[in-house]
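Down below is the structure, laid out as structure tokens.
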Amino acid sequence: MAVGVLMPKAGITVEECIITEWLKKKGDHVNVGDILFTYETDKASFECESTAEGEILEIFYEDGDEVPVLVNVCAVGQPGDDISGIKEGTAAPAEAAPAQAAAPAPAAAPAPAAASGPVAQGVLMPKAGITVEECVITEWHKKKGDQVNVGDILFTYETDKASFECESTAAGELLEIFYEDGDEVPVLMNVCAIGQPGDSIEGLKEGTALAAAPAPAAAPAPAAAPAAAPTGPVAQGVLMPKAGITVEECVITEWHKKKGDQVKVGDILFTYETDKAAFECESTAEGELLEIFYEDGDEVPVLVNVCAIGRPGDSIEGLKEGTAPAAAPAAEATVAAAAAPVAAAAPAAATGPANPDAKVSPRARMAAKNLGVDATAATPTGPHGRIVEADVKAYAASVPAPAAAPAPAVEAPAAVAEAAPAPAAEVEYVDVKFSGVRKATAKAMVKSLSTMAQLTHYHTFDATALMNLRKQIKANGEAMGMPNITLNDMVMFAVSRIILHHSDLNAIMPEDNVLRKYTNVHLGMAVDTPKGLMVPTIFNANKMTLSELCVEAKRLAKICQEGKATPDMLSGASFTVSNVGSLGVEMFTPVVNPPQVGILGVCGITTRVKEVNGEIKTYPAMGLCLSYDHRALDGTPASKFVKELCTALENISLLMMK
């Protein structure tokens, strides 16, 4: 029977996605985890991995099609499999099953033990984002024994960013639930089994194997094998959380517990930050803080153990990234001597040719890199023959470590002795590592200037009307229940109205030679924070009054300055405004924030002169600097936008009456 591959739900508010490019075609053979196609939402681009193995029997949507989420995009199976009912809106023929049942079954030879009857279908944990590796089940809406149809909500689950609903991809009885509420489940693993009473569910749950003939009791296990089993209690590791769908590393800012402290589940262990915001890490275990693997200021990969918690005497071996559980202790000398030939042969086997066709999970690849082993040499236990992280760690533990060279043991004390008497030199400079925010800003600015054809236009306008309105609001606004509206609020208000007449600037370039124009204005606002520059987004700014825009701008600025901004708040802008006028800047070149194509820099107010009815008079002039991507638009339309904006700001009261 063919299986449908669903369009993923790439965000809690996402209802449709656009297929950008198919990487496989009808008739291709695919494995679980192969990239089928790329797709995009209004926020970002993603890759869709196959959740089934077989031949692509049919593709229901083509490049450029807008597809509702959780709808089958293609059918995968074996040649001749029925695909009716898989595409949205079609129904499988009802009479097929009865007709088949009516035919008398011939008395055939007994089926092999490995396929003694019908096999149930597994429902996979969806991959709710390109970097998501695990999801947490929050609540089951069906229970074992319930009848379910395709599309029924089985359970809700969440990632580090959002919550989702998992719809059934099979019809029948819910025969078994493999994971319960609160369990963390790797993506693309079977969560439950659905079929008819009596169907086999063997091999569906992660880590189980299909029923087969018992393995012959061939050679007895080596004497050293039992020693690999744990010899005592093992501590629990606490993982560095994944604080955003694109976050790969976090920086520990401060530990609130120290080694030896007693902690409970939910206690705050330490604070950490990404390039966007700061967070607190709660303990997921109870006991004594036995070991801290990373200190204040360390940059730690996500989903790596940061510390170990347990009882005094518990083993912590293998918990820290890059370490492997200790090898079995040497027994009697005679046993060690007898095992020596076997141990000597092990490295040779480990360096043998790996399996180039092995399917390796991303977590397994990372573990293999850290442990210094070849992931493809591990024995797979994951679904569909995939090598998972546990397989790599087990393989690394089975490979004997090379004997240490004795020379360093003699030379090390001498080196220490020589270094000890060195006098403390006067510090001439201090190297300071970039913070997460600083690194992100640096990367974005380099990318912007190296991938865009940027240039800047400088304009000024008479700010008399703007300043008069500001004075009037300052004097009487509070009594009328108005917020403290600033000059920058007025500029952003004017931008949100005028840029609608210049759609080439209210746009982004999601890829080369494509300009995505927005119908509403999602205004980015540059905010200076103790951690560095952040740009939160005022969504649908064109629909807000000046007071509403002011309140939202202040709310977002406060969140950023407190370090509590979320990735959603810092993305999705179609145009950005950056104001450094309060610092006395008269002119500057703002850098476009990709994939946007324009940014407006707001400068300070200077006194200039102009001729009025034959007389020379002074006036307050405010500068505006527009940087734009010349690939997206030319100089004339860019200049027309700023000219119209200047006119609107010189007549701000009239603009507010529109």
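From a predicted model like this one, the values you see are computed outputs, not experimental measurements.
Between the side chain of Asp629 and the backbone N or O of Arg631, at least one donor-acceptor pair lies under 3.5 Å. For Asn305 (side chain) and Leu319 (main-chain N/O), a donor-acceptor pair under 3.5 Å exists by modelled atom type. Looking only at distances, a side-chain donor or acceptor of Thr138 sits under 3.5 Å from a matching main-chain atom of Thr156. In this structure, the side chain of Asn579 engages the main chain of Gly581 through a donor-acceptor pair within 3.5 Å. The backbone N or O of Leu500 lies less than 3.5 Å from no partner atom in the side chain of Asn506, so there is not a single donor-acceptor pair. Checked by atom type and distance alone, the side chain of Ser578 never pairs as donor or acceptor with a backbone atom of Ala526 at under 3.5 Å. Under a 3.5 Å cut-off, the side chain of Asp181 and the backbone N or O of Trp140 do form a donor-acceptor pair.
Residues Pro126 and Cys135 fail the side-chain proximity criterion, which asks for heavy atoms closer than 4.5 Å. A heavy-atom distance below 4.5 Å is found between the side chains of Leu487 and Ile605. Taking 4.5 Å as the limit, some side-chain heavy atom of Ile538 sits within range of a side-chain heavy atom of Leu556.
Here the SG atom belonging to Cys307 is positioned 8.5 Å from the CD1 atom belonging to Ile252, to the nearest 0.5 angstrom. Distance NE2/His457 to CG/Leu455: 4.5 Å, rounded to 0.5 Å. Annotation: the span from Ile268 atom CD1 to Glu254 atom CD amounts to 12.0 Å, rounded to 0.5 Å. Atom CG of Leu549 is separated from atom CG of Asn540 by 11.5 Å, given to the nearest 0.5 angstrom. Atoms OH and OG1, from Tyr619 and Thr606 in turn, are 7.5 Å apart once rounded to the nearest 0.5 Å. Rounded to the nearest 0.5 Å, atoms CZ (Phe493) and OG1 (Thr545) are 7.5 Å apart.
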Intermediate values then yes/no, side-chain contact (heavy atoms from CB on, under 4.5 Å), Tyr272 and Glu249: CA-CA 10 Å; Tyr272 64 99; Glu249 299 90 17; over 6 Å; no
Could you please spell out the steps behind the side-chain contact (heavy atoms from CB on, under 4.5 Å) verdict for Leu624 and Val602? CA-CA 5 Å; Leu624 298 177; Val602 182; 4.2 Å; yes
Could you go through the side-chain contact (heavy atoms from CB on, under 4.5 Å) check for Val577 and Met525 one step at a time? CA-CA 5 Å; Val577 173; Met525 173 185 68; 6.0 Å; no
Could you walk me through whether Leu570 and Cys560 pass the side-chain contact (heavy atoms from CB on, under 4.5 Å) check? CA-CA 9 Å; Leu570 303 173; Cys560 289; 4.1 Å; yes
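Tested against Leu466, the residues Glu650, Lys471, Met490 include a single side-chain contact (heavy atoms from CB on, under 4.5 Å) partner, Met490.
For Gln561, the CD atom is densely surrounded, since the number of other residues' heavy atoms within 6.0 Å is greater than 12. Crowding of Lys643 atom NZ: a count of heavy atoms from other residues, nucleotides or ligands under 6.0 Å not exceeding 12. Within 6.0 Å of atom CD in Glu548, more than 12 heavy atoms from other residues, nucleotides or ligands are found, so the atom counts as buried in its surroundings. Around atom CD of Glu165, no more than 12 heavy atoms belonging to other residues, nucleotides or ligands sit under 6.0 Å away. More than 12 heavy atoms of other shown residues, nucleotides or ligands fall within 6.0 angstrom of atom CD in Gln262. Glu562 CD: more than 12 foreign heavy atoms inside a 6.0 Å radius.
Counting only N and O atoms by type, the side chains of Gln454 and Ser448 include a donor and acceptor under 3.5 Å apart. Side-chain contact check for Thr464 and Asp462: at least one donor-acceptor pair (N or O, by modelled atom type) lies under 3.5 Å. For the residue pair His502 and Glu644, a side-chain donor N or O sits within less than 3.5 Å of a side-chain acceptor on the partner. A donor atom on one side chain and an acceptor atom on the other are not found under 3.5 Å apart for His522 and Thr537. Side-chain contact, Thr607 with Thr618: no donor N or O sits under 3.5 Å from an acceptor N or O. Judged by distance alone, the side chains of Asp489 and Thr486 do bring a donor and an acceptor atom under 3.5 Å apart.
Nearest heavy-atom pair across Met7 and Cys17 is SD-CB, 3.7 Å. Counting all heavy atoms, side chain and backbone alike, Val238 lies closest to Thr284 at CG2-OG1, 3.9 Å. Between Val491 and Leu649, the shortest heavy-atom contact is CA-CD2, 4.0 Å.
Listed by chain and number, the residues in a salt bridge (Lys or Arg N to Asp or Glu O under 4.0 Å) with Glu552 are Arg555 (sequence neighbours excluded). Remark: Lys617 engages no residue in a salt bridge (Lys or Arg N to Asp or Glu O under 4.0 Å) (not counting sequence neighbours).
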